[in-house]
Amino acid sequence: MNRTRIHDILINSQPGAKVKVCGWVRTRRDSKGGFSFIELNDGSCLKNLQVIADQQLSNYTAEILKLTTGASVCAYGEVVESPASGQRVELRAEAVEVLGWADPESYLLQKKRHSLEFLRTIAHLRPRTNTFGAVTRVRNTLSYAIHTFFHDRGFQYIHTPIITASDCEGAGEMFRVTTLPLENIPRLDGKVDFSGDFFGKPTNLTVSGQLEAEIYAMAFGDVYTFGPTFRAENSNTSRHLAEFWMVEPEMAFCDLQQDASVAEEFLKYLISEILEKCHDDLLFFNEFIEKNLLATLNHIVSSKFKMLPYTDAVDLLIKSGRPFDYPVEWGLNLQAEHERYLAEDYFKAPVILIDFPRSIKPFYMRCNDDGKTVTAMDILFPEIGEIIGGSQREERYDVLLERMDECRLNRDDYWWYMELRKYGSAPHAGFGLGFDRLVQFVTGMKNIRDVIPFPRTPQNAEF
Ligand code: 4AD
Ligand code: MG
């Protein structure tokens with residue numbers, strides 16, 4: 001007999017149905033009447049299935065009475081109406097097979113609530129907690145919704161490479177990929193000689209799939225990539241990972257205004273999907289993690305994002321009189337505290353900042369006529385700060401060449417990128433959504449390390 005998932009049973013199974021369920025014991029409670037209640041969870045939903053095992057079962061004394069938190073079991077029996085509140089049905093077991101024991105002396109995940117910091121040290125067990133169960137289901141539902149959104153709009157999903165020879169963001173925060181012997185690095189004229197390396201040249205893990213997505217946008221019009229990206233920035237914050245997932249649409253025949261509209265529609269779509277499809281999990285977060293979560297999510301879906309130029313934002317921040325930790329001055333990057341002030345306190349809505357100083361943005365962003373700014377956008381959310389970064393791309397060959405020189409990039413490394421501007425160039429734009437930051441936002445989780453299964457951060461890659 002195939003097993004039925006607990007989610008399915010709780011929603012669909014009618015009393016009288018015979019089913020088999022498999023999962024992990026959350027708790028066991030024994031009643032004086034000679035039977036036990038086993039709370040079983042299989043990850044398919046937040047709720048457990050209550051399994052009633054009575055002393056008639058052949059292994060009742062030998063096994064059932066020894067079941068502890070974390071053990072895995074399969075139970076077969078009849079679905080019956082539940083007298084208990086909060087659950088429609090329960091399972092009256094006719095057989096319970098213990099598949100794997102969990103010694104309570106050493107099993108680290110006991111019933112009591114553990115701190116999120118402790119759970120990070122047992123990333124192999126934390127998926128079995130309510131919190132990580134809910135995070136995982138939300139992450140899964142969001143991933144699917146991302147593909148649905150673009151698929152419904154005729155975008156092609158492109159698999160851009162993980163190993164690259166270019167630095168898209170130009171920030172030099174890359175992990176080198178090499179097979180050169182580290183204990184004896186070959187050198188030529190005092191420099192590392194990469195000719196004998198696997199690819200015959202220096203390569204890195206990608207920081208963004210954008211440049212390759214642009215290539216495909218110049219053939220398919222609308223494309224997107226969704227994959228892992230890597231940054232060797234030493235940022236030990238609650239919003240940074242060294243390995244994170246990014247969604248990057250790229251659209252030909254598109255300007256910044258259209259780019260921003262797609263981004264706003266996209267974010268609202270994703271949040272609506274989560275509100276609809278992950279209701280129980282969101283209620284859990286709303287109760288235990290962030291009291292205002294549902295109100296905030298509903299507010300974002302119904303609010304109009306506020307668009308304003310970087311220059312105006314700097315003026316606002318200076319006039320705010322707030323004692324920020326970091327200085328505010330035209331030409332400097334905004335910090336999370338500034339971004340949050342704008343989205344949380346001033347506008348009380350997501351903010352789309354546009355037209356940033358060219359000196360703080362990468363080479364590919366389109367230069368504005370003022371000679372000082374580029375056609376860029378950052379979307380700022382409450383709590384999180386920057387959740388999306390994007391821009392219109394520089395499609396003019398000569399201007400791009402100048403910009404590359406200004407950013408001290410080696411033209412030879414980007415010959416293929418330049419050719420896109422030489423043959424059939426077209427205005428185009430795109431953006432990158434930090435997927436893990438989005439999961440953080442919709443769950444209310446305070447630390448980004450708690451929304452990805454195995455976080456990679458400075459000094460930490462245990463699993
Ligand atoms: O603003 P970023 O650096 O933009 C790009 O990489 C562009 N190539 C995207 C594009 O236009 N196609 O990164 C995009 C988003 C940020 O807004 C942020 O949400 C997220 O990626 N992000 C990070 N998330 C987690 N950990 C990190 N270290 C992150 N760095 C950026
Ligand atoms: Mg950015």
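In listed order, ligands and their atoms are each counted from 1.
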For this session: Working to the nearest 0.5 Å, report the span between SG of C45 and CG of N48.
Result: 8.0 Å
For this session: May I have the step-by-step check of ring pair (Phe, Tyr, Trp, His ring centres under 6.0 Å) for Y157 and F150, ending in yes or no?
Result: CA-CA 8 Å; Y157 173 35; F150 289 120; 9.5 Å; no
Problem set entry | Structural part of F431 in contact with ligand 1, heavy atom criterion under 4.0 angstrom | backbone
Seminar exercise, completed: Note: T68 and A102 closest approach over all heavy atoms is OG1-O, 2.9 Å
For this session: Pull out every atom of ligand 1 sitting under 4.0 Å from any heavy atom of G390, numbered as shown with elements.
Result: 11 (O)
For this session: Consider only side-chain N and O atoms of N447 and S238, and report whether a donor and an acceptor are under 3.5 Å apart.
Result: no
Problem set entry | Protein heavy-atom partner closest to atom 20 (C) of ligand 1 - residue, atom, separation in Å | G434 CA, 3.6 Å
Seminar exercise, completed: With heavy atoms and a 4.0 Å threshold, my read on which part of D378 contacts ligand 1 is neither
Exercise. Does ligand 1 have an atom that lies less than 4.0 angstrom from a heavy atom of Y364?
Worked result: yes
Exercise. Among protein heavy atoms, which lies nearest atom 26 (N) of ligand 1, and at what distance?
Worked result: L241 N, 3.0 Å
Exercise. Is there a nitrogen or oxygen of E250 sitting under 3.5 Å from a nitrogen or oxygen of ligand 1?
Worked result: no
Exercise. Between R396 and E394, is there a salt bridge with N-O shorter than 4.0 Å?
Worked result: yes
Exercise. Under 3.5 Å between some N or O of ligand 1 and some N or O of S391?
Worked result: no
Exercise. How close does the nearest protein non-hydrogen atom get to atom 18 (C) of ligand 1, and which residue and atom is it?
Worked result: R437 NH1, 3.5 Å
Problem set entry | Worked check of ring pair (Phe, Tyr, Trp, His ring centres under 6.0 Å) between Y414 and F363 | CA-CA 11 Å; Y414 294 89; F363 76 99; 5.3 Å; yes
Exercise. Can a donor-acceptor pair be found between the side chains of Q156 and Y216 at a distance below 3.5 Å?
Worked result: no
Problem set entry | Atoms in ligand 1 flagged as close to I388, the criterion being non-hydrogen separation under 4.0 Å | 17 (O)
Exercise. Below 4.0 angstrom, N of the basic side chain to O of the carboxylate: do D398 and R421 qualify?
Worked result: no
Problem set entry | Closest candidate by heavy atom, reference atom 12 (N) of ligand 1, pool R231, E248, E386 | E248
Exercise. Cation-pi between R153 and F149: NZ/CZ under 6.0 Å from ring centre and within 45° of the ring axis?
Worked result: yes
Exercise. Which ligand 1 atoms does G389 reach within 4.0 Å, using its non-hydrogen atoms?
Worked result: 1 (O), 9 (C), 10 (C), 11 (O), 17 (O)
For this session: Inspect the contact between R139 and D436 and indicate whether a charged nitrogen and a carboxylate oxygen are less than 4.0 angstrom apart.
Result: yes
Exercise. Which atoms from ligand 1 have a heavy atom of R239 less than 4.0 Å away?
Worked result: 25 (C), 26 (N)
For this session: Could you check if a side-chain atom of L142 sits within less than 4.5 angstrom of a side-chain atom of E273, using non-hydrogen atoms only?
Result: no
For this session: Determine whether the side chains of E337 and Y326 contain a donor N or O and an acceptor N or O closer than 3.5 Å.
Result: no
Exercise. What is the nearest protein non-hydrogen atom to atom 15 (C) of ligand 1, stated with its residue, atom name and distance?
Worked result: G432 O, 3.6 Å
Seminar exercise, completed: Of all protein heavy atoms, the one nearest atom 4 (O) of ligand 1 is E169 OE1, 3.9 Å
Exercise. Can you tell which of M246, E173, R393 gets a heavy atom nearest to atom 11 (O) of ligand 1?
Worked result: R393
Exercise. Which residues and atoms, counting only protein N, O or S, are under 2.8 Å from the Mg ion (ligand 2)?
Worked result: E386 OE2
Problem set entry | Contact (N/O only, under 3.5 Å) between I448 and ligand 1 | no
For this session: Considering only NZ, NE, NH1 and NH2 on the basic side and carboxylate oxygens on the acidic side, decide whether E265 and K268 come within less than 4.0 Å.
Result: no
Exercise. Taking F431 as the fixed residue, which of I379, L256, V262, V247 is the one that meets the side chain to side chain contact (heavy atoms under 4.5 Å, CB included) rule?
Worked result: V262
Problem set entry | Flag for D197-T179: side-chain donor and acceptor within less than 3.5 Å | yes
Exercise. Which residue and non-hydrogen atom of the protein lie closest to atom 19 (O) of ligand 1, and at what distance in Å?
Worked result: I387 O, 2.8 Å
For this session: Specify the protein heavy atom at minimum distance from atom 22 (N) of ligand 1: its residue, its atom name, and the distance to 0.1 Å.
Result: F244 CE1, 3.4 Å
